[in-house]
Amino acid sequence: MPATNRQIRLAARPVGEVKPDDWQHCSEPVDEPGPGRFAGRTRFISLDPAMRGWLDDRPSYLPPVGIGDVMRAGSVVEVTASDHPDFQPGDHVVGTFGVQEYVVSDGRGAMKVDTSLAPPSTYLGALGMPGMTAYFGLLDVGALKDGETVVVSGAAGAVGSIAGQIAKAKGCRVVGLAGGPEKCAMLTDELGFDAVIDYRTEDVRKELRRHAPDGIDVYFDNVGGDILDAALTRLAMHARVVVCGAISQYNNTTPVKGPSNYLSLLVRRARMEGFVVFDYAERYAQAAREISAWIGAGRIKVKEHVVTGSVDDFPETLGMLFRGENVGKLVLELA
């Protein structure tokens with residue numbers, strides 16, 4: 001094992017957009033694994049919009065990252081040494097190991113993955129939390145039915161791209177919202193979306209009327225704000241609005257913009273429900289099997305945006321999410 005372990009720690013609570021001085025780049029000695037523990041080198045680090053919420057000191061589904069703590073992140077590590085019966089050198093393991101080059105773990109919360117079946121990075125995307133989020137959000141919370149009209153915001157992102165493809169696999173008409181011609185073309189030409197709306201250049205309300213003339217049965221929301229408000233005006237009777245995220249609001253320095261059109265829920269006898277994917281942990285294996293089968297059959301195409309660099313590139317890479325620069329799942333591969 002090397003002598004030092006490069007890490008990214010939280011130096012200050014961000015106000016608005018995360019700034020470079022909100023992070024601390026540091027090193028510490030690398031531990032050796034003791035009894036019942038394994039050591040590993042980080043291969044891939046997951047970057048997710050939810051990370052912004054973890055930096056704020058306010059109640060949420062997880063406690064905030066502490067000042068001075070290693071930044072929380074899911075990652076894939078390759079085991080280099082082990083005194084743990086379930087993990088051997090050469091194994092690839094997924095867990096919440098944080099933004100650091102090397103880890104030592106007792107194995108709690110760690111899951112060994114088979115890289116002969118899928119690339120390691122895919123276990124952070126389509127076969128990881130984004131895939132699980134899309135699956136349970138759409139099928140359980142959204143109660144999707146064959147033949148319905150589904151609208152997905154943030155459709156070119158890690159969760160949205162999978163959610164739209166699951167809806168297509170389930171026999172639905174799917175309309176995606178994304179920003180920019182490259183992302184919009186990818187959704188229709190590669191992922192099979194029936195229609196796409198470029199929220200940067202098109203009138204979203206007008207285009208929703210055109211592409212969902214009979215209303216939206218399931219709206220899978222990743223962005224919140226004005227896009228959510230527009231979707232609420234087009235709900236079909238008994239529609240379901242799935243609140244997955246609100247990336248347009250995460251860097252706000254003013255109060256979060258709530259939906260002014262929420263009375264559409266009353267008029268259309270619809271419901272709007274939020275969820276946290278961790279609540280479905282006991283069923284992850286079920287979801288992974290079905291998603292794997294769809295990938296194998298070509299019904300889901302995996303889109304990953306892999307940035308190759310070092311741990312020190314984490315802050316800049318995270319910013320790509322909020323600038324809309326990633327297509328599909330954003331991952332930092334440590335060279």
Side-chain angles (χ1 to χ4, degrees), residues 49 130-131 133-180 183-188 191-249 256-275 277 299-300 324:
T133 300
Y135 183 94
F136 292 110
L138 198 59
L139 302 183
D140 280 53
V141 182
L144 188 69
K145 302 181 185 69
D146 180 64
E148 291 190 315
T149 295
V150 178
V151 174
V152 182
S153 64
V159 174
S161 61
I162 299 296
Q165 292 184 86
I166 290 175
K168 286 297 297 179
K170 291 292 187 178
C172 295
R173 172 175 169 77
V174 181
V175 180
L177 291 103
K183 292 182 179 180
C184 291
M186 181 268 293
L187 292 174
T188 53
L191 304 191
F193 282 55
D194 295 287
V196 64
I197 300 168
D198 188 338
Y199 71 85
R200 292 180 180 171
T201 61
E202 296 183 284
D203 183 323
V204 172
R205 293 195 187 197
K206 177 181 177 181
E207 292 302 305
L208 285 174
R209 287 195 298 272
R210 182 162 75 95
H211 293 302
D214 297 322
I216 301 167
D217 297 299
V218 178
Y219 174 54
F220 194 105
D221 187 36
N222 290 299
V223 302
D226 293 335
I227 301 293
L228 169 60
D229 235 4
L232 288 175
T233 68
R234 295 300 306 155
L235 298 182
M237 289 292 290
H238 306 294
R240 288 82 69 201
V241 177
V242 181
V243 182
C244 177
I247 194 170
S248 72
Q249 305 295 297
V256 168
K257 174 181 170 57
S260 60
N261 292 321
Y262 77 96
L263 285 177
S264 294
L265 299 170
L266 183 157
V267 174
R268 309 309 291 176
R269 287 74 148 179
R271 64 174 170 85
M272 183 161 65
E273 182 177 350
F275 75 105
V277 70
R299 303 187 75 180
I300 286 183

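Side-chain atoms of Ser260 and Asp229 form a donor-acceptor pair, as typed in the model, at a separation below 3.5 Å.
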- prompt: Would Ile247 and Asn222 satisfy side chain to side chain contact (heavy atoms under 4.5 Å, CB included), going step by step from the backbone distance to the final call?
  reply: CA-CA 7 Å; Ile247 194 170; Asn222 290 299; 5.8 Å; no
message: Working note: Arg234 + Arg209, criterion side chain to side chain contact (heavy atoms under 4.5 Å, CB included); need CA distance, chi angles, decisive distance, verdict.
response: CA-CA 7 Å; Arg234 295 300 306 155; Arg209 287 195 298 272; 3.6 Å; yes
- request: Could you give me the CA-CA distance, side-chain angles and deciding distance for Ile162 and Tyr135, then say whether side chain to side chain contact (heavy atoms under 4.5 Å, CB included) is met?
  value: CA-CA 8 Å; Ile162 299 296; Tyr135 183 94; over 6 Å; no
message: Pair Val150, Lys170 - check side chain to side chain contact (heavy atoms under 4.5 Å, CB included), show working.
response: CA-CA 11 Å; Val150 178; Lys170 291 292 187 178; over 6 Å; no
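Panel note: side chain Asp221, backbone Val243; no donor-acceptor pair is recorded below 3.5 Å. Of the possible donor and acceptor atoms, one in the side chain of Ser264 sits under 3.5 Å from a partner among the backbone N and O of Leu232. Here the side chain of Ser248 pairs a donor or acceptor atom with the backbone of Val223 at under 3.5 angstrom. In this structure, Glu273 contributes its side chain and Arg240 its backbone to no donor-acceptor pair below 3.5 Å.
Under the salt bridge (Lys or Arg N to Asp or Glu O under 4.0 Å) criterion, Asp203 pairs with no residue at all, not counting sequence neighbours.
Taken to the nearest 0.5 Å, the CD1 atom of Ile197 stands 11.5 Å off from the CG atom of Leu187. Distance check, rounded to the nearest 0.5 Å: NE2 of His238 to CZ of Arg271 gives 12.0 Å. The distance from atom CD of Gln165 to atom CD1 of Ile300, rounded to the nearest 0.5 Å, is 5.5 Å.
Of all heavy-atom pairs between Phe220 and Val159, the closest is CE2-CG1, 3.7 Å. Contact between Ala230 and Val204 at its shortest, heavy atoms only, is CB-CG1, 3.9 Å. Contact between Val196 and Glu202 at its shortest, heavy atoms only, is O-OE1, 4.1 Å. Of all non-hydrogen atoms in Ala169 and Arg299, the two that sit nearest each other are O-NH2, 3.0 Å. In terms of heavy atoms, Phe275 sits closest to Gly137 at CZ-CA, 3.4 Å. Contact detail for Glu148 and Cys172: the closest heavy-atom pair is O-CB, 3.2 Å.
Looking at Pro259 and Met272, their side chains come closer than 4.5 Å, going by heavy atoms from C-beta outward. Between Leu228 and Tyr219 the shortest side-chain heavy-atom distance falls below 4.5 Å. Side-chain contact between Asp226 and Tyr199 is absent, with no heavy atoms from C-beta onward closer than 4.5 Å. The shortest distance between side-chain heavy atoms of Val242 and Leu138 does not fall below 4.5 Å. A heavy-atom distance below 4.5 Å is not found between the side chains of Val241 and Tyr262. At least one side-chain heavy atom of Arg269 sits less than 4.5 Å from a side-chain heavy atom of Met237. The side-chain heavy atoms of Thr149 and Asp214, taken from C-beta on, include no pair separated by under 4.5 Å.
The residues Lys183 and Asp198 are annotated as not salt-bridged, no charged nitrogen and carboxylate oxygen being separated by less than 4.0 angstrom.
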Show me the side-chain donor-acceptor pairs of residues 140-147 shorter than 3.5 Å, one per line, residues at least two apart or across chains.
residue : atom : partner : partner atom : Å
Asp140  : OD1  : Arg283  : NH2          : 3.3
Asp140  : OD2  : Arg283  : NH1          : 2.6
Asp140  : OD2  : Arg283  : NH2          : 3.4

